[in-house]
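Take a look at the structure below.
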Amino acid sequence: MRIALGVSYNGQGYEGWQSQLSGNTVQDKLEAALASFSQRKVSTLCAGRTDAGVHGLMQVVHFDTPLQRPTASWVRGVNAFLPRDIAVQWAQEMPDSFHCRANAVARRYVYALLESPVRPSVEGGRVGWIYRPLDREAMQQAAAHLLGEHDFSSFRAARCQALSPVKTIRRIEISQRGVYWRFEFEANAFLHHMIRNLMGCLVVVGQGFQPPEWILQVLAARDRKAAAPTFSPDGLYFMGPVYPAHWGLPERTAAYDWLP
């Protein structure tokens with residue numbers, strides 16, 4: 001049978017999602033836990049790979065197994081073998097036609113940012129940090145220029161393996177709660193480091209170093225050198241993929257509720 005899992009994780013201690021020779025990735029830890037629980041090797045596919053230091057609120061993976069177990073057992077049983085900073089949130093049996101990556105119609109990320117003269121402490125590694133005040137209206141004007149279909153080459157990492165730099169951003173929402181900012185992004189897909197590079201540019205605009213219209217120049221340049229430096233991974237969270245309703249998969253996990 002094919003099983004889909006919703007997985008949350010704190011990415012601080014890992015070298016990203018994708019399996020590495022070091023064995024210190026989220027995928028490595030998850031597959032080791034699955035193997036311990038099922039007593040057989042398990043290979044997983046994920047909806048969206050995350051970089052070192054990036055967190056996941058609802059990474060979706062799928063795998064095939066001959067093992068018959070109640071879905072609740074996949075949650076409790078696998079979690080018993082996972083480190084404390086990774087947890088399976090839900091499990092669901094799926095038809096063989098389901099593919100966690102190919103069937104996703106969109107992907108969502110959120111960036112949590114602390115605006116404070118003092119660096120983070122208890123939330124260290126879980127939020128980005130700036131000490132200069134931000135102008136929300138300026139950042140919203142800049143974000144409006146990014147909506148729709150564009151060539152995002154200026155926001156693409158040099159080692160990005162995507163076949164095309166053309167992506168469609170459906171939504172960017174910027175909100176503030178106290179000293180914490182929340183930047184929420186939704187697109188059909190994202191390039192390597194795209195969110196962190198977008199954040200770098202939005203913060204430059206928010207701090208008044210560039211006008212909102214500068215974003216149009218960065219887009220038109222189609223050159224990574226035209227954009228701001230890549231922002232820290234600390235406050236970046238993969239909220240998860242969006243699937244058509246007929247798949248019947250959860251849209252959120254409890255982890256969504258604690259972010260600013």
Side-chain angles (χ1 to χ4, degrees), residues 1-110 125-126 186 188-190 236-259:
M1 68 172 63
R2 179 156 294 183
I3 302 292
L5 303 178
V7 183
S8 62
Y9 50 90
N10 182 325
Q12 290 183 75
Y14 301 105
E15 299 171 34
W17 167 266
Q18 190 171 9
S19 181
Q20 303 286 341
L21 291 176
S22 67
N24 188 36
T25 71
V26 181
Q27 184 179 20
D28 290 321
K29 302 300 183 184
L30 177 62
E31 291 185 353
L34 285 165
S36 295
F37 173 69
S38 64
Q39 294 298 297
R40 65 189 71 228
K41 180 177 172 59
V42 176
S43 297
T44 61
L45 290 173
C46 75
R49 291 175 294 201
T50 52
D51 292 332
V54 177
H55 317 292
L57 298 184
M58 193 177 73
Q59 174 70 268
V60 176
V61 307
H62 82 253
F63 60 92
D64 295 323
T65 178
L67 194 64
Q68 300 285 332
R69 290 288 186 275
T71 52
S73 293
W74 285 107
V75 177
R76 293 193 300 267
V78 176
N79 281 343
F81 295 99
L82 281 169
R84 293 180 63 185
D85 49 6
I86 305 174
V88 176
Q89 299 291 322
W90 53 261
Q92 190 164 316
E93 295 181 20
M94 302 298 292
D96 291 344
S97 57
F98 173 76
H99 192 287
C100 64
R101 187 174 303 163
N103 293 139
V105 295
R107 288 159 180 82
R108 301 165 295 174
Y109 282 85
V110 66
R126 296 178 174 89
E186 181 175 324
N188 64 334
F190 291 94
L236 184 57
Y237 296 79
F238 181 42
M239 298 179 72
V242 178
Y243 295 105
H246 71 267
W247 292 114
L249 291 172
E251 296 182 357
R252 57 183 287 122
T253 67
Y256 279 49
D257 295 332
W258 77 270
L259 277 180

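Atom set for the values below is all heavy atoms of this structure, side chains included, hydrogens, waters and symmetry mates excluded.
Among all heavy-atom pairs drawn from Gln20 and Thr25, the shortest one is CG-CG2, 3.3 Å. The minimum heavy-atom distance linking Asn188 with Arg107 is given by the pair O-NH1, 3.1 Å. Shortest non-hydrogen contact noted between Thr65 and Arg40 is OG1-CD, 4.3 Å. Across all their heavy atoms, Trp74 and Ser38 have their closest contact at CH2-CB, 4.4 Å. Nearest approach of Phe238 to Arg108, heavy atoms of both residues: CD1-O, 3.4 Å. In plain terms, the two heavy atoms of Gly240 and Tyr256 that are nearest each other are N-OH, 4.3 Å.
Arg252 CZ: more than 12 foreign heavy atoms inside a 6.0 Å radius.
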Begin from the C-alpha positions of Glu15 and Ser22 and carry the test side chain to side chain donor-acceptor pair (under 3.5 Å) through to its verdict.
CA-CA 9 Å; Glu15 299 171 34; Ser22 67; 3.0 Å; yes

Could you walk me through whether His62 and Arg101 pass the side chain to side chain contact (heavy atoms under 4.5 Å, CB included) test, one step at a time?
CA-CA 9 Å; His62 82 253; Arg101 187 174 303 163; over 6 Å; no

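Shown are Leu249, Asn103, Val60, Val105; of these, the side-chain contact (heavy atoms from CB on, under 4.5 Å) with Pro241 is made only by Val60. Partner of Ser19 under the side-chain contact (heavy atoms from CB on, under 4.5 Å) criterion, out of Asp28, Leu30, Thr44, Val26: Asp28 alone.
Screening residues 50-70 for salt bridge (Lys or Arg N to Asp or Glu O under 4.0 Å), with sequence neighbours left out, gives Arg2-Asp64.
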Residues 78-96 side chain polar contacts: donor-acceptor under 3.5 Å, at least two apart:
residue : atom : partner : partner atom : Å
Asn79   : OD1  : Val88   : N            : 2.6
Asn79   : ND2  : Val75   : O            : 3.2
Asn79   : ND2  : Val88   : O            : 3.0
Asp85   : OD1  : Tyr14   : OH           : 2.5
Asp85   : OD2  : Tyr14   : OH           : 3.3
Gln89   : NE2  : Ser8    : OG           : 2.7
Gln92   : NE2  : Gly248  : O            : 3.1

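Between Trp17 and Tyr9, the ring planes are tilted. Angles from 30° to 60° get that label. Using the six-membered ring where Trp is involved, His55 and Tyr237 have ring planes that are tilted, between 30° and 60° apart.
Judged purely by atom type and a 3.5 angstrom limit, Gln59 uses its side chain to pair as donor or acceptor with the backbone of Ala47.
The line from CE of Met239 to OG1 of Thr253 is 9.0 Å long, rounded to the nearest 0.5 Å. Separating the CG atom in Leu34 from the OG atom in Ser43 is a distance of 10.0 Å, to the nearest 0.5 Å.
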